[in-house]
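Working notes for the structure below.
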Amino acid sequence: MKSLAKTIFILILTLFCNQTCIINIPSVAAITSLKPGDVLNHSQVLDSARGKFKLGYFSIPQTDKSYLGIWYAGDPVEKKLWIANPNTPILNNSGLLTLDSVGSLKITSGGKTIVNITPPLLTGSLIARLQDSGNFVLQDETRNTTLWQSFDHPTDSLLPGLKLGYNLTTKQNWTLTSWLSDYILASGAFTLSLESIQDAFQLVIRRRDEVYWTSGAWKNKGFPFLTALNDSSNRYQYNLSLVSEKDGVFFQFDAPEGSFPSLELFSDGAIFAGDSRIYIRYNKFCYGYEIDDGCVSSQLHECRKGGDKFEQKRGVFIDISGTTTNYYDNASISLGDCMLKCWEHCSCIGFATLSSNGTGCLIWNGKRDFRVDESGNAVQRYVLVSPKSFKGKPWMWIVLAIFITMVICGFICFIKTRILKLQDEKRKKEEYIRELTAADSFNNTNLKEEDGREVQDLKIFSFGLILAATNNFSCENKLGEGGFGAVYKGQFPDGRVVAVKRLSRTSGQGLVEFKNELILIAKVQHTNLVRVLGCCIHGDEKMLIYEYMPNKSLDFFLFDPATKKLLDWQKRFEIIEGIAQGLLYLHKYSRMRVIHRDLKASNVLLDENMNPKIADFGMARIFKQNETEAVTGRVVGTYGYMAPEFAMEGAFSIKSDVFSFGVLMLEILSGRRNASLQQFDRPLNLIGYAWELWKEGCALELKDPAIGDICDSQQLLQVIHVGLLCVQEGATDRPTMSDVISMLGNESMSLPIAKQPAFFTGREEAESNSCSVNDCSITVIEAR
């Protein structure tokens, strides 16, 4: 009997425990949704799917009021991000959130409806959820549509994904509204919205509908007066975006995971970053005189001046004669309204809120007499503080006046000295240019203007422009190094690409070259001559600016086994003709007669179409029209290209250039340098080699193998014949450039018999004979 009773007792106890557990399960399980007929009481919370947000009732300290709101789960301060009933609080522990049978979300208390959150939305299968974005939504599960959402009704906080802006089609306007105070969550004095001001979108804070502060125009993914939001040094950097659509525009932000991001509009008009717990618009009040932090400028009252402000201090105002206190016992005004009342009354010296809940105003008027109390027990007041004025003894004013006078005098002396220095530099530059251009052929050229302004055909560019164009003469822009200095590629602001020759300061020939090319700038222009665009003089620096030749110089293609194949015989013949036309212009048709004196493959540049242009006139000699030849004791040029009369006697004429042209012709058709032959049974140079082949009737062996067999043999022989005529030892035997062009253009023309060329020495002769020329110097200049 006892055993049976014991068994029955155990069964009853087991059933009781199981039933108890089943009853308690709903009370401890998380609530994640509400369906018609469900109720959320004051002690329950609605969780988002992943538990990031919570929705429930909360109470305000020191009051008997409670509200329905949303906050971050895990946020230690549980800052409320959305309030369902900000203007209609309910008594503590009395609220119910229900979703009734007609689809209306509402707050009830004591059996009465306090707030209808949504209108009746009877349709389909309804369900209310709190999403992990913090958005409280009412949805029709059947149609998978959202019928209502809290994101369309923001209160004082902006969350990632929540919009601030407007939609012209739906008439939706997303605006934040501050609380009245920290204890009363009713609509306060300030609103934050996105507005278009002067054709630019800005965030705007209004106080009682008057513009109070603006963020500045949206630019570079941010607002100028809210830089703390997307400051890269901020641990919780926000990513801001301004989205413009056909029917409206709105502002949003997102933030990294692991924080509690929000933007909150405080009851005093400040903006607060929720995750970093700092003010991003720190100044509590805008006074109207400061505009460097977004505060809107307004006309100052006659009794206020720039720098006046309110400081929060602990202490009391002492009642003295002339001091009065005004009370504004109005529960609908708050701290921002009190500040405005005090600021607009000239006699006001401080203010505070009247009630402990942050409403109403206390205004102190009259003479300022505030006693600070640092004990921590005194109430905080807002006290008017004016900028400190300088007051001192008379001798201090005298010292200050003397100091200011000395500073002004010193500044004037500095400016005057600077102006005189600049004038002196300009004068020296003008004298230097006049010295450089002191030539009979350049007497009428005026060279006083600079910085790119035209002076006849000459342009003088500023040093700053050249520095910018060449990237401060960087190594990446360097094209090469010549006898007179380095050459750099440059690009002007208008897109023109140029070549800048920076003449070496230590080059003795640099001054002569610069002078010659300056003269030729204004006097010589031809399609087969490189155009000199201008020059630049800066201290000891001298620079020449040329048109840029993208295909470099002729020797780059002609003597390189990899690139010479790009020059077929037709292109080589066109290059020969182009060089001949350029020389003919210099010798006969230009406004002055010019002897180049340094014609060689490296001084023939090629444009984008491989057309030849003669360059480097630094050693050119300019003749008067009645001059035909001259003699110099200073022989300059490149070995292998100089005519014998010039190298041995210093005599030069247009026939000196003809000799150089002949050497260049033989190099072009053979693809060899004049001094490149190193055979034991042949002459030492190309001229002699060509002469021997010509005498033996084997002239076609001179042809560059890279040309191939597809060429006009008769034309090739014609070119070799003309080349040998040009390199004859006697200057009078050589043809003029007019004759050369006629010979090249007429294959049926009868050509004179070529005589033995200059500098023809066999191998044995070269070893047994040598000569020394006194008073004669030959400058060998390497190709750039």
Side-chain angles (χ1 to χ4, degrees), residues 58-63 65-71 77-90 115 150 152-159 162 164 173-195 203-215 226 262-274 277 279-288 294-296 298 310 312 327-344 351-363 380-382:
F58 63 93
S59 300
I60 299 299
Q62 304 175 14
T63 71
K65 307 297 184 183
S66 65
Y67 301 83
L68 179 68
I70 297 173
W71 63 90
V77 299
E78 292 190 349
K79 164 63 185 174
K80 304 309 179 289
L81 306 168
W82 179 79
I83 310 296
N85 56 324
N87 296 302
T88 51
I90 58 178
V115 175
S150 62
D152 283 337
H153 308 277
T155 52
D156 73 319
S157 299
L158 189 70
L159 290 173
L162 200 157
L164 202 65
N173 194 336
W174 299 283
T175 302
L176 299 187
T177 303
S178 68
W179 295 349
L180 190 62
S181 73
D182 291 341
Y183 300 98
I184 300 179
L185 310 192
S187 300
F190 297 94
T191 60
L192 175 64
S193 58
L194 180 69
E195 300 183 19
L203 295 181
V204 177
I205 295 179
R206 291 177 176 268
R207 179 174 60 186
R208 305 295 183 191
D209 292 330
E210 295 292 331
V211 177
Y212 178 74
W213 174 90
T214 64
S215 64
L226 283 180
S262 66
L263 296 182
E264 303 162 29
L265 179 62
F266 274 28
S267 59
D268 59 8
I271 302 176
F272 190 78
R277 306 298 169 196
Y279 284 99
I280 57 174
R281 195 194 73 76
Y282 185 76
N283 294 333
K284 281 183 173 293
F285 306 118
C286 285
Y287 300 95
C295 287
V296 176
S298 61
F310 294 106
Q312 201 169 10
Y327 299 87
Y328 296 89
D329 189 8
N330 187 336
S332 64
I333 62 176
S334 61
L335 187 65
D337 301 302
C338 298
M339 177 268 175
L340 184 61
K341 287 181 179 293
C342 185
W343 183 256
E344 291 182 343
F351 67 91
T353 54
L354 179 63
S355 303
S356 60
N357 63 11
T359 63
C361 296
L362 271 175
I363 304 293
Q380 285 190 336
R381 319 287 190 187
Y382 289 92

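Sequential numbering from 1 along the given sequence is applied to the chain's residues. None of these values were measured; they are calculated from a predicted model.
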* Asked: Under the side chain to side chain contact (heavy atoms under 4.5 Å, CB included) criterion, do Ile205 and Thr191 qualify, and how do the steps go?
  -> CA-CA 5 Å; Ile205 295 179; Thr191 60; over 6 Å; no
* Enter the distance from Thr177:OG1 to Leu185:CG here, rounded to the nearest 0.5 Å. => 12.5 Å
* Asked: Looking at CD of Glu78 and NZ of Lys80, how far apart are the two atoms once the value is rounded to the nearest 0.5 Å?
  -> 5.0 Å
* Is the backbone of Gly360 close enough, under 3.5 Å, to the side chain of Tyr327 for a donor and an acceptor to pair up by distance? -> no
* Given the rule in the side chain to side chain contact (heavy atoms under 4.5 Å, CB included) test, do Asp156 and Ser178 qualify, once you have shown the distances and angles that lead to the verdict? -> CA-CA 5 Å; Asp156 73 319; Ser178 68; 5.6 Å; no
* Does Tyr212 reach the main-chain N or O of Cys286 with its side chain, forming a donor-acceptor pair under 3.5 Å? -> yes
* Asked: Just how far is it from atom CZ of Arg381 to atom CG of Leu362, taken to the nearest 0.5 Å?
  -> 7.0 Å
* Asked: Out of curiosity, Lys65 NZ to Asn357 CG, how far, rounded to the nearest 0.5 Å?
  -> 11.5 Å
* Asked: Can you check side chain to side chain contact (heavy atoms under 4.5 Å, CB included) on Lys79 and Leu81, steps first, answer last?
  -> CA-CA 6 Å; Lys79 164 63 185 174; Leu81 306 168; 4.1 Å; yes
* Structure fact -> Those residues at least two apart in sequence (or on a different chain) that pass side chain to side chain donor-acceptor pair (under 3.5 Å) with Ser150 are Asn135
* Asked: Sub-3.5 Å donor-acceptor pair from the side chain of Ser181 to the main-chain atoms of Thr359, do we have one?
  -> no
* Asked: If we only count heavy atoms from C-beta on, is the Leu176 to Thr155 side-chain gap below 4.5 Å?
  -> no
* Asked: Would you find a donor on one side and an acceptor on the other, under 3.5 Å apart, between the side chain of Trp82 and the backbone of His153?
  -> yes
* Asked: Of the non-hydrogen atoms in Leu164 and Trp174, which two are nearest, and what is the gap between them?
  -> CD1-O, 3.4 Å
* Evaluation steps, side chain to side chain contact (heavy atoms under 4.5 Å, CB included), between Glu195 and Thr214 -> CA-CA 9 Å; Glu195 300 183 19; Thr214 64; over 6 Å; no
Give the table of side-chain donor-acceptor pairs shorter than 3.5 Å for residues 329-336, with sequence neighbours excluded, one pair per line with atom names and distance.
from, atom 1, to, atom 2, distance (Å)
Asn330, OD1, Ser332, N, 2.9
Asn330, OD1, Ser332, OG, 2.6
Ser334, OG, Leu180, O, 3.3

* Asked: Within 45° of the six-membered ring axis of Phe351 and under 6.0 Å from that ring's centre, is NZ or CZ of Lys341 located there?
  -> no
* Is the number of heavy atoms from other residues, nucleotides or ligands within 6.0 Å of CD (Gln312) greater than 12? -> yes
* Spatial distance of atom CD1 (Ile271) from atom CH2 (Trp213) [nearest 0.5 Å] -> 4.0 Å
* To do: Classify the angle between the aromatic ring planes of Trp343 and Phe310 as parallel (below 30°), tilted (30 to 60°) or perpendicular (above 60°).
  => perpendicular
* Structure fact -> Separation between CD1 (Ile83) and OH (Tyr67), nearest 0.5 Å, reads 8.5 Å
* Minimum-distance pair of heavy atoms, taken over all atoms of Cys338 and Ile363 -> O-CD1, 4.0 Å
* **Nearest atoms (heavy-atom pairs only) where Pro86 meets Pro89** => O-CD, 4.5 Å
* Tell me, yes or no, whether the heavy-atom count around Tyr183 atom OH, taken from other residues, nucleotides or ligands under 6.0 Å, exceeds 12. => no
* To do: Specify the closest pair of heavy atoms between Ser267 and Asp182, including all atoms of both residues, with the distance to one decimal.
  => OG-OD1, 4.3 Å
